[in-house]
Amino acid sequence: KDNDDDAFEPKQEKDPGVSSLLLPPDHTSIICHTPDDGAPFVICQSKEPFVNPTTDNDTNLTIQERNETTLNLDLGLKNLLGPRSSPKMKWLLFLIACVDKVAFEWWESLFFNVWAKVVPLRVKRRLTFTAWSWYSKLHFLLLGRRTTGLHPSQSWEYHALTTIVWWCRFFPITPRRMRFSLSQLSSCTPHVVNEAFVEKIEEEQQETLPAAQSSHHDDGAPHYHQHSTVRGLLLRNPKHRCSSSSSESSSSSSILFWIYGGAYLGGDAAGNAPAADYVGQTSAGIFSHTFVPQFRLAPEATMDEVLWDIVLSYRWACRSFPQSRITVAGVSSGGALAVRLMQCIAEFARNDDEFVLPHLLPLLPDCRMPQGAALIGPYVDYTREAEHHPTFRHNARLDLIVTEAVQEGGLPYLGPFCNKGRKEQSPVHRNLDGLPPLLVLISEQEAVYDMAMELVNKARTAEVEVTVGVWKYMCHVFTVLYGFIPEGRQSMQVLCEWIVKNNNQISSSSSSSS
């Protein structure tokens, strides 16, 4: 990457850092507001089952009825377009799909390759943030602040983002399009990764892995999880006093293990490196390195094979930094993989032979439990019943990320992907005993809200320490949109504050015990 990327750093509000604390005292809750006295959000560190104090508790209304009566749906055009199931919308979607197939689908691969491989990242970043700067200002001048979003209390930036992103729900979603869009996240993130501090990891593990050698498909072909190569990006933190260009670490350092999301159909290490590096550098300099593993995706791989990649990469981090504490962060489906990773470690520690996956047994002895995990919009339930949860069904109409089009394009791959069964592969339906402290960041109006709250409450029942942050009127994983919306910057601040607080508590406990 060119060294003059800093010249195109977009202007932002001054980062409040970790000095302006948003976290409440232990075992309490606090209600805050988004900028300019906007929507309330709650940060809860209680041990009791979570009850959202900012929710409209009118039990006479279903979620669908509440959405339709209290929110500004479909850019305010709901009477013109109607729900997706209406005959008018079905005809419109059919027409758009036909036009898309004839006019766009046949040449999009060429465009994707040119944009991804030919156009420099600095140019893409400049185009993205220059266009956003002009567009958002024009939107504010022409449409005002309280027009197109779900609620007047949203920031004017979120209204502008809604106006432009909302239209994506009309176009068919394919794995190729998901992979391309998620691979471009690096051009939508204000933080610039200094390539001088990036090491590309592609390391073959030297020892033989017996379970991988002996596992085969029914047709005799080797299992896809046979491979023993760790791939990803290792980002060194220049602000950390113990940081070095090698993989050596000191007892005072910590490692951030970042697992990207994408509904298992998309996402990559390069696209997520800027956001991961930003968290690694902003969290009071406690991380010497951030590792973003590269793992395989559906439909080419199954859940077992993806989990193999994650555990193999985490084992590499544990062995490369033997004296360092590790914090795991996961986005959406990456949050689910973070939970499954910790569940595997806990199951192995308990000698729980009934639940430990046999093909992971060669890896787990070298995996130590992380000191905590931050989960951003965790997508943790893959059962048929989850697809009928009220928020998953009805909030897709509100969400800018997990839209009805994304569900229609992605859910058909889920059954074959969960090769051991949907419920068995869902983290929320597995044992949560023995997990470290968790942070869950979520929006009440996003599609995965119900399953995330179920995870929070089940974890608290299992005596896991859980901090939960719930915003209103935001889309799925709005935290990673911190380059565009103040609500994202606010939740990113909570994320970094929690990491620092949890790290300090672990350090204090270790010092006391020693």
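In this chain, residues are counted from 1 in sequence order.
To the nearest 0.5 Å, the span separating CG on L357 from CD on Q343 amounts to 10.0 Å. Going from atom CG of L400 over to atom OG1 of T162 covers 4.5 Å, rounded to the nearest 0.5 Å. One distance of note links CZ of R460 with CG of L438; it measures 10.0 Å at 0.5 Å rounding. Here the CG atom belonging to L360 is positioned 9.5 Å from the CG atom belonging to L341, to the nearest 0.5 angstrom. Summarising the geometry, atom OG1 belonging to T282 is positioned 11.5 Å from atom CD belonging to E497; distances are rounded to the nearest 0.5 Å. How far CG of D399 is from CZ of F392: 10.0 Å, rounded to the nearest 0.5 Å.
Side-chain atoms of E68 do not come within 3.5 Å of backbone N or O of E65 as any donor-acceptor pair. Checked by atom type and distance alone, the side chain of S183 pairs as donor or acceptor with a backbone atom of F180 at under 3.5 Å. Proximity of a side-chain donor or acceptor of T148 to a complementary backbone N or O of L75 within less than 3.5 Å is not detected. With hydrogens and angles disregarded, a donor-acceptor distance shorter than 3.5 Å links the side chain of N113 to the backbone of S109. A donor-acceptor pair is defined here as one N or O able to donate and one able to accept, closer than 3.5 Å; no such pair exists between the side chain of R393 and the backbone of E387. Looking at D277, its side chain never comes within 3.5 Å of a backbone N or O of V193 through a donor-acceptor pair. K472 contributes a side-chain N or O that, together with a main-chain N or O of T54, makes up a donor-acceptor pair within less than 3.5 Å. Side-chain atoms of Q490 come within 3.5 Å of backbone N or O of H33 as a donor-acceptor pair. D381 places no side-chain N or O within donor-acceptor distance of the main-chain N or O of A386, the cut-off being under 3.5 Å. Between the side chain of N395 and the main chain of E446, a donor-acceptor pair closer than 3.5 Å is present.
E385 and R422 are not joined by a salt bridge, as no carboxylate oxygen comes within less than 4.0 angstrom of a charged side-chain nitrogen. The residues R397 and D74 are annotated as salt-bridged, a charged nitrogen and a carboxylate oxygen being separated by less than 4.0 angstrom. Under the 4.0 Å criterion applied to side-chain N and carboxylate O atoms, E305 and R296 are not assigned as salt-bridge partners. Remark: R84 engages E408 in a salt bridge, criterion side-chain N to carboxylate O under 4.0 Å. A salt bridge links E454 to K458: one of the charged nitrogens lies within less than 4.0 Å of a carboxylate oxygen. A salt bridge between E105 and K101 is present, with a side-chain N of the basic residue lying under 4.0 Å from a carboxylate O of the acidic one.
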- Message: Go through it in stages, so that I can follow the logic: the residues are Y158 and F478, the test is ring-ring contact (aromatic ring centres under 6.0 Å, His included), and I'd like the CA-CA distance, side-chain angles, deciding distance and then a yes or no.
- Response: CA-CA 10 Å; Y158 196 88; F478 67 98; 8.2 Å; no

Evaluation steps, side-chain contact (heavy atoms from CB on, under 4.5 Å), between Y449 and V470: CA-CA 9 Å; Y449 178 73; V470 180; 3.9 Å; yes

Practice problem: Applying salt bridge (charged side-chain N to carboxylate O under 4.0 Å, His left out), run through E300 and R179 and close with a yes or a no. | Solution: CA-CA 13 Å; E300 294 86 356; R179 292 179 183 183; 2.7 Å; yes

**Report entry** Candidate pair N419 and Q425, rule side-chain hydrogen bond (donor to acceptor under 3.5 Å, both in side chains), full reasoning
**Finding:** CA-CA 8 Å; N419 56 313; Q425 302 281 26; 3.2 Å; yes

Test side-chain hydrogen bond (donor to acceptor under 3.5 Å, both in side chains) on T467 and Q45; report intermediate values, then the result.
CA-CA 5 Å; T467 300; Q45 298 194 111; 3.0 Å; yes

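With a 4.5 Å cut-off on side-chain heavy atoms, Q493 and Y482 do not count as touching. Side chains of L23 and I30 form no contact here, defined as non-hydrogen atoms less than 4.5 Å apart. Looking only at side-chain heavy atoms (C-beta outward), V464 and P437 stay at 4.5 Å or farther from each other. Side chains of V192 and P274 form no contact here, defined as non-hydrogen atoms less than 4.5 Å apart. Side-chain contact between P436 and M342 is present, with heavy atoms from C-beta onward closer than 4.5 Å.
Taking the six-membered ring where the residue is Trp, H151 and Y473 present parallel rings, their angle staying beneath 30° rather than reaching 60°. Classification of the F94-W91 ring pair by plane angle, with boundaries at 30° and 60°, yields perpendicular.
Remark: aromatic rings of F129 and F484 are close, center separation under 6.0 Å.
Within 6.0 Å of CZ in F104 there are 12 or fewer heavy atoms belonging to other residues, nucleotides or ligands. By the neighbour-count criterion of 12 heavy atoms within 6.0 Å, atom CZ of F171 is sparsely surrounded, having that number or fewer from other residues, nucleotides or ligands. Counting heavy-atom neighbours within 6.0 Å of K423 NZ, excluding the residue itself, gives a total of 12 or less.
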Scan the side chains in residues 257-265 for donor-acceptor partners under 3.5 Å anywhere in the protein, sequence neighbours excluded, and list what turns up.
| unit_1 | atom_1 | unit_2 | atom_2 | d |
| --- | --- | --- | --- | --- |
| Y260 | OH | Q294 | NE2 | 3.3 |
| Y260 | OH | F295 | N | 3.0 |
| Y260 | OH | F295 | O | 3.3 |
| Y264 | OH | Y382 | OH | 2.6 |

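When all heavy atoms of L185 and G271 are compared, the pair lying nearest together is CB-O, 3.3 Å. Shown here for V380 and P427, the closest heavy-atom pair between the two residues is O-CD, 3.1 Å. Here the shortest heavy-atom pairing between V448 and M451 reads O-CG, 3.2 Å. Closest approach of G488 to S491, counting heavy atoms only: O-OG, 3.0 Å. Between L481 and C475 the shortest heavy-atom distance is CD1-SG, 3.8 Å. A396 and Q407 get closest at one heavy-atom pair: CB-NE2, 3.6 Å.
Side-chain contact check for T34 and E487: no donor-acceptor pair (N or O, by modelled atom type) lies under 3.5 Å. Between the side chains of H476 and S443, not a single donor N or O lies within less than 3.5 Å of an accepting N or O. Side-chain contact, S46 with S29: no donor N or O sits under 3.5 Å from an acceptor N or O. Side-chain polar atoms of Q184 and W115 form a donor-acceptor pair below 3.5 angstrom. Inspection of the T302 and D304 side chains reveals no N or O donor paired with an N or O acceptor under 3.5 Å.
Results of the side-chain contact (heavy atoms from CB on, under 4.5 Å) test with P370 over I345, L256, T327 single out I345 as the only residue that passes.
Annotation: salt bridge (Lys or Arg N to Asp or Glu O under 4.0 Å) contacts involving residues 107-121, sequence neighbours excluded, comprise E108-R176, E108-R177.
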